[in-house]
Every structure is written in C-alpha cells, then in structure tokens.
Amino acid sequence: MSTALDTLARPISLGKLDLSSRFVMAPMTRKRSPGGVPTAENAAYYRRRAEHGIGLIITEGALIGHPSASHEDDVPRLTPGPAEEGWRLVVGEVHAAGGRIAAQIWHLGGERRPAGTAWTPDTIKGNGFDQLLRAYAESARTAVRAGFDAVEIHAAHGYLLDEFLWPRTNHRTDRYGGSPKERAAFPADVIRAVRENIPAEMPLIVRFSQFKERDYAARIADTPGELGDILASFAEAGADVLHASQRRFWEPAFDGDPANLAGWAKRLTGLPTITVGSVGLDRDRLADLATQDYDLVALGRVLLAHPDWVELARAGRGVRYRKTDEDTYF
Ligand SMILES: Cc1cc2nc3c(=O)[nH]c(=O)nc-3n(C[C@H](O)[C@H](O)[C@H](O)COP(=O)(O)O)c2cc1C
C-alpha cells in the first residue's frame with residue numbers, strides 16, 4: 001500500500017552488517033528475566049519479531065555490572081556468567097530466524113531509583129567514573145562473546161548518560177559539566193570504552209533524546225548548534241549510528257524547519273540514523289514516513305501488540321495498539 005513501507009522493507013548495510021530490512025525493533029523493557037538472566041521465553045519473544053520482517057532487533061535495556069545500575073531484579077544484566085548464557089540463547093534464536101540483534105547497554109542513573117541510593121552526575125565521586133567505565137567495557141565484551149551483531153548505548157530518556165547531557169541534572173564544574181560539549185564528555189568516554197572493547201567492524205549505536213521520561217518538554221539542546229556539539233562528540237568517540245528517540249516521529253525537532261530529530265542528526269553528522277516514535281499508532285501519519293530523512297525506523301508498541309505488524313501494514317491491514325497496564329511509557 002504505502003511506498004514508504006515498501007522502501008523500508010528493502011535490505012541495508014550498516015558497515016559490514018547486512019540487514020534484511022530497515023525496520024528495527026525498538027528497545028523495550030519487559031522485566032521477565034528473573035535474577036537478571038534472560039530465559040527461553042525471552043528468546044522466543046525476540047525470535048517471533050525476527051521472523052516477521054524486522055531487520056534489526058534492539059534488546060530491552062540490559063544492565064551493566066555495577067550495583068548502582070538498577071535495584072530491579074527482573075531486568076536483564078549484560079554480565080559474564082548466567083546472564084551471558086541467557087543472551088547467547090536469545091541471539092541464537094534470532095540468528096536462526098535470519099535476524100540480527102543489538103544489545104542495549106543501560107544504567108538508570110537517578111531515574112526510578114529509591115531516594116539516596118542513586119548514582120547521578122551530581123553524586124558520582126572519585127574513582128566512581130573508572131568503576132562505571134570498567135563496567136560498560138565489561139558489558140561490551142560480554143555482548144561480543146554472546147554473539148550480538150551490534151551494541152546500542154542508552155543515552156536517552158533521563159537515564160544516567162542523558163542526565164549528564166541535561167543541564168537540570170548536571171551541575172558539575174569539572175570537565176564533565178558546563179557547555180553542551182562538556183556535558184557530553186562522560187557519555188563520550190563511555191562510547192570510547194565500548195568502542196575499544198568491540199570489534200572495529202561492529203556497529204555501535206547511540207540512542208539519545210530531548211525528552212525525559214519524567215519531563216516530556218525537557219531538552220538537551222536548545223539549538224541545532226548545541227545538538228551538533230553533542231553529536232560531534234559522540235561521533236568522534238566512535239558512534240557509527242545515531243538513534244534519535246522522539247515520542248512522535250513526525251514532529252520537528254526545532255522551530256522553523258520540518259526535520260525531525262533523526263533528520264537533524266543525519267544533517268549534522270552525516271551518520272546513518274534511526275527514527276522512532278508512534279509509528280503505526282496513528283495510521284494517517286504513516287504517509288509522513290516518506291517526508292522525513294532517516295535510514296532506519298524503529299517500532300515499539302505496535303510490535304508488542306503485533307509481532308507481524310510490518311507484514312500487516314504492508315498488506316494495508318489496519319492494526320492499532322491499545323494501551324495496557326503494562327504500558328508505563330509515553
Ligand atoms: C514497555 C516499554 C518499554 C520500554 N523500554 C525501553 C528501554 O528499555 N530502552 C529504551 O531506550 N526505550 C525503551 N522504551 C521506549 C521505546 O524504545 C520507544 O522509543 C517508544 O515506545 C516509542 O516508540 P513506539 O511509539 O513505536 O512505541 C520502552 C517503551 C515501552 C512501551
């Protein structure tokens with residue numbers, strides 16, 4: 001039906017990684033990994049999406065091996081041992097279905113943390129930074145050993161790395177706070193640490209956003225120039241792909257220009273980008289997919305409701321997502 005959907009169904013390569021389509025499964029926390037270990041149920045869940053036209057799956061956020069990353073026990077870890085074995089199972093199922101899969105690496109920072117226990121830009125001290133960089137590096141090595149095709153660093157939505165980017169949660173006066181470039185310095189150190197611990201040809205995706213889960217109107221960059229400074233730091237540190245998270249993909253990122261956040265990221269850095277945000281939730285807006293500039297498109301909630309959404313939408317079948325109690329986002 002829609003030309004944009006047909007274009008997106010064509011293969012694409014990210015460096016040496018060949019993808020069967022430009023449809024990406026957006027990372028979505030499921031809290032179904034007891035003790036932080038992904039199970040056969042998780043593997044079957046991801047496989048079902050790989051079987052139905054998704055070129056790249058990005059896993060739910062997987063935690064680095066540092067006690068400050070999260071207090072939740074059923075969120076998967078990306079650490080050596082049982083969690084690594086669980087992920088190997090997931091990767092194996094996705095590969096068996098012809099899919100490709102990236103691990104999303106996550107630290108919650110001050111978001112959804114009990115008061116007083118959180119590690120945030122304003123509370124991290126001394127060798128805390130080294131501890132975190134070591135844990136990110138270990139997760140990157142774990143992802144490689146488990147067989148992942150790519151990794152994504154979660155630097156969006158108000159979690160730790162995004163808290164560095166947002167002036168309201170970063171009051172540091174050392175090299176990790178101040179101008180947009182200085183606020184991007186620790187996220188860039190993390191990107192460098194991950195880059196050094198994965199093969200040179202493995203795509204490294206960085207996910208960023210203006211909005212926060214706790215504040216939809218928040219911004220890390222008030223102007224394209226500020227965004228350019230932040231994204232240049234990411235690119236210089238080794239990011240290959242930028243995943244520009246928006247709640248609605250058709251909304252302009254800045255006044256006076258129709259380009260969305262992915263369009264700006266592409267324009268400012270020349271890197272391939274992933275757009276996302278309410279695709280398929282409002283069918284009339286599917287036509288807008290053809291008007292924005294991006295390389296891949298991520299689908300979130302529609303894939304929870306319909307693992308085969310891509311096939312249904314391309315066949316012109318109207319499918320709609322309905323909010324459930326589980327849906328705490330957006
Ligand atoms: C249940 C749920 C869990 C999510 N978990 C994550 C996550 O772990 N990491 C992340 O970067 N985004 C997460 N998101 C955001 C999605 O990746 C996506 O950006 C968002 O749902 C918007 O896309 P959609 O409108 O297609 O659903 C989550 C969203 C939902 C609905």
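Note that the coordinates shown come from a computational prediction; the quantities given were computed from them, not determined experimentally. In what follows, every heavy atom counts, from backbone to side chain, and hydrogens, waters and symmetry copies are set aside.
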With respect to Glu163, which candidate in Arg183, Arg214, Lys212, Arg172 satisfies the salt bridge (Lys or Arg N to Asp or Glu O under 4.0 Å) definition?
Arg214

Are Val144 and Leu133 connected in a single hydrophobic cluster, I mean Ile/Leu/Val/Met/Phe/Trp/Tyr linked by side-chain heavy atoms less than 4.5 Å apart?
yes

Examine distances only and state if a side-chain atom of Arg22 and a backbone atom of Ala9 form a donor-acceptor pair shorter than 3.5 Å.
no

Spacing of Glu251 atom CD and Asn260 atom CG [to the nearest 0.5 Å]
10.0 Å

Step by step, would you call Ile205 with Leu242 a side chain to side chain contact (heavy atoms under 4.5 Å, CB included)?
CA-CA 6 Å; Ile205 309 165; Leu242 295 172; over 6 Å; no

The reported gap from CD1 in Ile57 to CZ in Arg48 (rounded to nearest 0.5 angstrom) is 11.0 Å

Identify the two heavy atoms, one from Ala83 and one from Pro38, that lie closest to each other, and give their separation to 0.1 Å.
O-CD, 3.8 Å

Mind telling me whether Trp87 and Tyr46 have parallel, tilted or perpendicular rings, with 30° and 60° as the class edges?
tilted

Would Arg77 and Glu85 pass as an ion pair if we require N to O under 4.0 Å?
no

Examine distances only and state if a side-chain atom of Arg88 and a backbone atom of Arg145 form a donor-acceptor pair shorter than 3.5 Å.
yes

Looking only at the aromatic ring of each residue, does the gap between the centers of Tyr159 and His107 stay below 6.0 angstrom?
no

Report yes or no: do Glu236 and Ser233 form a side-chain donor-acceptor pair below 3.5 Å?
no

Check whether any side-chain N or O of Gln210 sits under 3.5 Å from a backbone N or O of Ala217 as a donor-acceptor pair, and report yes or no.
no

With the threshold set at 4.0 Å, does a side-chain nitrogen-carboxylate oxygen contact exist between Asp6 and Arg314?
yes

Can you tell me if Asp215 uses its side chain to pair, donor with acceptor, with the backbone of Phe211 under 3.5 Å?
no

Parallel under 30°, tilted from 30 to 60°, perpendicular over 60°: which one fits the rings of Tyr176 and Phe129?
tilted

Given the rule in the side chain to side chain contact (heavy atoms under 4.5 Å, CB included) test, do Leu304 and Arg30 qualify, once you have shown the distances and angles that lead to the verdict?
CA-CA 10 Å; Leu304 294 183; Arg30 308 318 335 258; 3.1 Å; yes

Electrostatic pair Asp308:Arg49 at N-O distance under 4.0 angstrom:
no

Verify side chain to side chain donor-acceptor pair (under 3.5 Å) between Gln292 and Asp288, making sure each step is shown before the conclusion.
CA-CA 7 Å; Gln292 293 289 344; Asp288 288 346; over 6 Å; no

Intermediate values then yes/no, side chain to side chain contact (heavy atoms under 4.5 Å, CB included), Phe254 and Leu227
CA-CA 10 Å; Phe254 298 102; Leu227 184 65; 4.0 Å; yes

Under 4.5 Å between side-chain heavy atoms, counting indirect links through other Ile/Leu/Val/Met/Phe/Trp/Tyr residues: same cluster for Val276 and Ile101 or not?
no

Nearest 0.5 angstrom please: Ile64 CD1 to Gln131 CD, how far?
10.0 Å

Of all the heavy-atom pairs spanning Ala69 and Leu63, show the shortest one and how long it is.
O-CD2, 4.1 Å

Would you say the side chain of Leu108 lies within less than 4.5 Å of the side chain of Ser70, judging by non-hydrogen atoms?
yes

Under 3.5 Å, is there a donor-acceptor pair linking the side chains of Asp122 and Thr169?
no

Honestly curious: do Val37 and Leu89 fall in one hydrophobic cluster under the side-chain, below-4.5 Å linking rule?
no

Closest approach of Thr123 to Ala118 (non-hydrogen atoms, all atoms of both residues)
OG1-O, 3.2 Å

Determine, using the 4.5 Å side-chain heavy-atom cutoff (strictly less than), whether Val151 and Val94 are members of one ILVMFWY cluster.
yes

CG/Leu204 to CE/Met202 distance, rounded to the nearest 0.5 angstrom?
9.5 Å

When rounded to the nearest 0.5 Å, the distance separating CZ of Phe186 from CD1 of Ile191 is 11.0 Å

Taking Leu281's backbone N and O only, do any of them form a donor-acceptor pair with Ser278's side chain (distance below 3.5 Å, no angle check)?
no

Quick check for you: to the nearest 0.5 Å, what is the distance between Lys266 atom NZ and Leu231 atom CG?
13.5 Å

Do Arg192 and Glu196 sit within salt-bridge range, that is, some charged N less than 4.0 Å from a carboxylate O?
no

Which pair of heavy atoms, one from Asp222 and one from Glu226, lies closest together, and at what distance?
N-OE1, 2.9 Å

Polar side-chain atom of Ser139 near backbone of Leu78 as donor-acceptor pair, under 3.5 Å
yes

Sub-3.5 Å donor-acceptor pair from the side chain of Tyr294 to the main-chain atoms of Leu289, do we have one?
yes

Can Leu296 be reached from Leu17 by stepping across I, L, V, M, F, W or Y side chains whose heavy atoms are under 4.5 Å apart?
yes

Heavy-atom side-chain proximity of Val279 to Val297 below 4.5 angstrom:
yes

Smallest heavy-atom separation, Met25 atom then Tyr45 atom, equals CE-OH, 3.3 Å

Answer yes or no on whether Arg285 is positioned over the face of Phe249, meaning its NZ or CZ is under 6.0 Å from the six-membered ring centre and within 45° of the axis.
no

Are Asp162 and His154 close enough that a side-chain donor and a side-chain acceptor fall under 3.5 Å?
no

Compute whether any side-chain donor of one residue and acceptor of the other, for Ser13 and Asp18, lie under 3.5 angstrom apart.
yes

Worked check of side chain to side chain contact (heavy atoms under 4.5 Å, CB included) between Ile124 and Leu132:
CA-CA 10 Å; Ile124 301 170; Leu132 292 173; 3.7 Å; yes

Quick one, Arg207 and His157 - any side-chain contact, counting heavy atoms below 4.5 Å?
yes

In short, Ser21 meets Gly53 closest at the heavy-atom pair OG-O, 2.8 Å

Can you name the side chain to side chain contact (heavy atoms under 4.5 Å, CB included) partners of Pro272, sequence neighbours left out?
Leu14, Val241, Asp295

Can you find a heavy atom in the side chain of His243 that is under 4.5 Å from one in the side chain of Phe208?
no

Take Asp189 and Arg175 through the salt bridge (Lys or Arg N to Asp or Glu O under 4.0 Å) test and state the conclusion after the steps.
CA-CA 12 Å; Asp189 280 356; Arg175 72 185 192 91; 3.0 Å; yes

Indicate yes or no: does Asp257 engage Arg267 in a salt bridge with an N to O separation below 4.0 Å.
yes

Identify whether the distance between the nearest side-chain nitrogen and carboxylate oxygen of Arg195 and Asp240 falls below 4.0 Å.
yes

Do Thr39 and Asn42 have side-chain atoms, one donor and one acceptor, less than 3.5 Å apart?
yes

Does a side-chain heavy-atom distance below 4.5 Å link Thr59 with Phe148?
yes

Given salt bridge (Lys or Arg N to Asp or Glu O under 4.0 Å), test Arg134 with Glu138 step by step and report yes or no.
CA-CA 6 Å; Arg134 272 200 301 277; Glu138 184 191 57; over 6 Å; no

Would you call Glu41 and Arg32 a salt bridge, using N to O less than 4.0 angstrom?
yes

Could you tell me if the ring centre of Trp309 sits under 6.0 Å from that of His52?
no

